[in-house]
Chemist: 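First, the structure itself, so that you have it in front of you.
What you see below is based on every heavy atom in this structure, not just the backbone, and it leaves out hydrogens, waters and symmetry mates. A, B, ... follow the sequence lines: proteins, then strands. Residue 1 opens every chain.
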2 protein chains.
Amino acid sequence: MARTNSVSARPSSTLRQRVYEQLRSAIEQGRLRAGTRLPPSREHASSLGVSRNTVLWAVQRLQAEGYIEARVGDGTYVSQAAAAATAAPAPGLVAPPRGLSRRGQLIAETAARWRPPHVAARAFRIGAPEVATFPFALWDRLARQATPRQRSAGAQYLDPAGEPALREAIALWLWASRGIRCDAAQVVVCSGSQQGIDLIARLLLDVGDEVLVEDPGYPGIRASLLGHGALARPVDMDADGMRIDDAATRWPAARMAVVTPTHQFPTGVGMGLARRQALLQWARAQDAWVVEDDYDGEFQYGSAAQRVPALCSLPGSERVLYVGTFSKTLHPGLRLGFVVVPPALVEAFAMARAITDRHAPGDAQAVLARFIAEGHLLRHLRQMRELYQARQQVLINALADATEGAVHLLPSDRGMHLLYEASPGTDDEGPSRKALDAGVMLAPLSRYTLQSPRKGWLLGYAGFDAAELAGAARIVGPLLPR
Amino acid sequence: MARTNSVSARPSSTLRQRVYEQLRSAIEQGRLRAGTRLPPSREHASSLGVSRNTVLWAVQRLQAEGYIEARVGDGTYVSQAAAAATAAPAPGLVAPPRGLSRRGQLIAETAARWRPPHVAARAFRIGAPEVATFPFALWDRLARQATPRQRSAGAQYLDPAGEPALREAIALWLWASRGIRCDAAQVVVCSGSQQGIDLIARLLLDVGDEVLVEDPGYPGIRASLLGHGALARPVDMDADGMRIDDAATRWPAARMAVVTPTHQFPTGVGMGLARRQALLQWARAQDAWVVEDDYDGEFQYGSAAQRVPALCSLPGSERVLYVGTFSKTLHPGLRLGFVVVPPALVEAFAMARAITDRHAPGDAQAVLARFIAEGHLLRHLRQMRELYQARQQVLINALADATEGAVHLLPSDRGMHLLYEASPGTDDEGPSRKALDAGVMLAPLSRYTLQSPRKGWLLGYAGFDAAELAGAARIVGPLLPR
């Protein structure tokens, strides 16, 4: 590690800082694995040729940061959590280049865990909405409706929290569609849900803070947390969602939980009301934050009355931050999303956005505000709900056909993908590699796990027509276990 | 400080961590001022009711981070640098809300130092380009030229480093216009120069790292650095730009310098070649990075042969990162800019962008690529250079007229604003407040300083027509000292 060696050359770093960084880097890079017992401090010091105090300082700091845990009367160990949060790099990882800061290395290394593809979406890519029939012409017409004065107004430096018309439109929409009562002033516009998470981590977490995440869960969130030096603590799921009861016992220091209560990503479980209340109760008791990532909450296929409202709409949800995105309801290339934050935090979020990248583009915000206010979002979503529900059935039938009925996916009343789960011992990477060789994207469930032994495959259907779904099913069908 | 008090309730924080955080927070908030001598550790410990080791640990950590400096045989003092970097909050500052992390507080507090306005630009706002005559119709026509296939391709999740066509267009442009030879693969598209600085700070700086900044200089950069826990070290300017010789002696631990060599912001000085070479030499010797913020480098009004190329175009500039923006050449509402980075760092920048906000919007990138490739940027800049040069003369004449020749601004062969400097003892805030009351934006130079005693006013002319410039000059003229 070039960087570790160069540390000693920096005038401000001390010997113990160097020992600390070497130990931390060894844990982060998997050279010191979870459960490894550290040598007694006296031996450790003598092996490094430093004083015992130097080692003690480093070990105590790592303990405060959660990398190491002391077991009473039994020495110090690399913690399970640190190792889980910083799992061994994938084989493809190249050493980060010289010159990155320690934090920069951490970010570069997240590439080993989450490297989002940016090729054109193909079946069965998950999270890809229908874009081929997106109403671009209508969108462009709305753009041209702006008066020259409005157009130049949108070409200036704008409010970092978002354009007033858009924040107003989003607040009204959330009340009508997701049951959330909030003021437009609480809506902070951001660049997709990824920036929402990023701003939250910047403002509410310090290095070493612990965050409960769902296991399996979304790697993009874990990568963001890791990039900020936070520790992602995996929590198991049952039929009601994240097991907050277990988590509260196992990770008593956690300061935040990130959840997908409407349609757990990627397993598809909905969080029951009792569990939601337990989660809110935990947040109050711990003075912790709950981040509700409602990534596909708009895609519920029952009648409006049957739709599950957001966690954020419940009484006692003062410590919930709601993250929404237009990447699924419209398209990912738009890069618009938002966070609903408690009134006392709005200014801080605006400031964080201002120093991060100032604000969202002016004309996209103006067009989206009109798109929502004039009812086009409602119409578009009605069409997409109908389309996606039909495509789900096409996928189920196509896979049954391709396997002569042996593989039958369970239908769901919501979402944009289905899970075909396999037994824990299954190698789910193998079939995914074979599918990719044949041109089909088939995400293995294990790519989304931290400690969970769950295996299976995720099949996205929203963005693909019947012919593409059927073609991909013919390729994937023979690869799946019966 | 609600947050400081709540620290003790967190299981992972120790007593000494708490002492450390309280001291640091006292320095950051100006309660412990620069040059304050800390009490001897024994007395300090007894006054806090903790052990001497606890105090020593906290003090040593603060010393490693640059907040405190030991003077041999004379105890420990709050460092000048820490106080300069974290100047006392402005009177308007409200206490950051409970629940922010320590880092979040730091970000919230930057609002006291830099709160970018987002009202419609009025004379003499600096950095505001002409937008009323921007070719929006042409822009929209280019958007409509996309085939349906191209349109849906831009609506997907895209390469975090930017669309290939745009990176290619920018690389060619930089060679032709700024003398920079780089590969398209080195161009990382970002959301204006603010995000460029943010990504650089994320990847190349750790908490406590020192960064040389120009004094006076751009507060948006200092706010970004502070938000990342870096320490901005002010460096004086002379007629050749940042005094890197002085800086190297005064801040030997600095790991980065951020400069505006083409047209220093806001004083307008150009960095001479000898100084440029000294800066590059410093970077090599220190293994440090130089960030070249070329915010208005395209606005040079002499013939093409007379234009000063970018610092990044010089031999030996391997440690320079070039930050460019379309906020001045096109308009701020577009939110597109870029960083040219060494090849070895491209992957890390792409990953940092992916976890921050994924990527820039697809259609804006596609239209901008066509706008550059089809020669529209060149034409637009030619027109704007002619317009801005004429407006500069209008401003000079208008202010001379309004003061019967008493105030004569010195013309400049580049830029979008002029500086009217006053003697160091002048109160430059007073006239600015009076101007604002009368509807004119007149930035006082002192708003851009850290330790520099320089005073004066900045008058932006680029975005305003002759009538507006004349009207504002009539208001401002009588307020300025002769």
Chemist: Would you mind checking which part of B:Ala354 comes under 4.5 Å of any heavy atom in chain A, side chain (CB onward), backbone (N, CA, C, O), both or neither?
Modeler: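 It is both, since atoms from each part get that close.
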
Chemist: Find out whether A:Arg335 and B:Tyr157 are in side-chain contact, i.e. whether some heavy atom of one side chain is under 4.5 Å from a heavy atom of the other.
Modeler: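 The answer is yes; the side chains approach within 4.5 Å.
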
Chemist: May I ask you to name which of B:Leu199, B:Ile221, B:Thr356, B:Thr133 has the most heavy-atom pairs under 4.5 Å with chain A?
Modeler: B:Thr356

Chemist: Whether B:Asp140 and A:Arg151 form a salt bridge (side-chain N of Lys/Arg under 4.0 Å from carboxylate O of Asp/Glu) is what I want to check.
Modeler: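 Result for this pair is yes, salt bridge flagged.
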
Chemist: Measure A:Arg222 against the heavy atoms of chain B and call it side chain, backbone, both or neither at under 4.5 Å.
Modeler: neither

Chemist: Can you tell me how far the OG1 atom of A:Thr325 sits from the CZ atom of B:Arg358, to the nearest 0.5 Å?
Modeler: 9.5 Å

Chemist: With side chains defined as the heavy atoms from C-beta onward, is the minimum distance between A:Ile107 and B:Leu203 less than 4.5 Å?
Modeler: yes

Chemist: Side chains of B:Gln156 and A:Arg125: does their closest heavy-atom pair fall under 4.5 Å?
Modeler: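 Of all side-chain heavy-atom pairs linking A:Arg125 with B:Gln156, none is under 4.5 Å.
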
Chemist: Taking the side chain as every heavy atom from C-beta outward, state whether B:Arg103 and A:His228 have any atom pair closer than 4.5 Å.
Modeler: yes

Chemist: Can you tell me how far the CG atom of A:Asp363 sits from the CG atom of B:Asp363, to the nearest 0.5 Å?
Modeler: 8.5 Å

Chemist: Side chain of B:Gln194, backbone of A:Ile355: donor and acceptor closer than 3.5 Å?
Modeler: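 Judged by distance alone, yes, a pair lies under 3.5 Å.
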
Chemist: Counting N and O atoms only, with roles assigned by atom type, does the side chain of B:Ser101 sit under 3.5 Å from a partner on the main chain of A:Leu205, one being a donor and the other an acceptor?
Modeler: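 Judged by distance alone, yes, a pair lies under 3.5 Å.
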
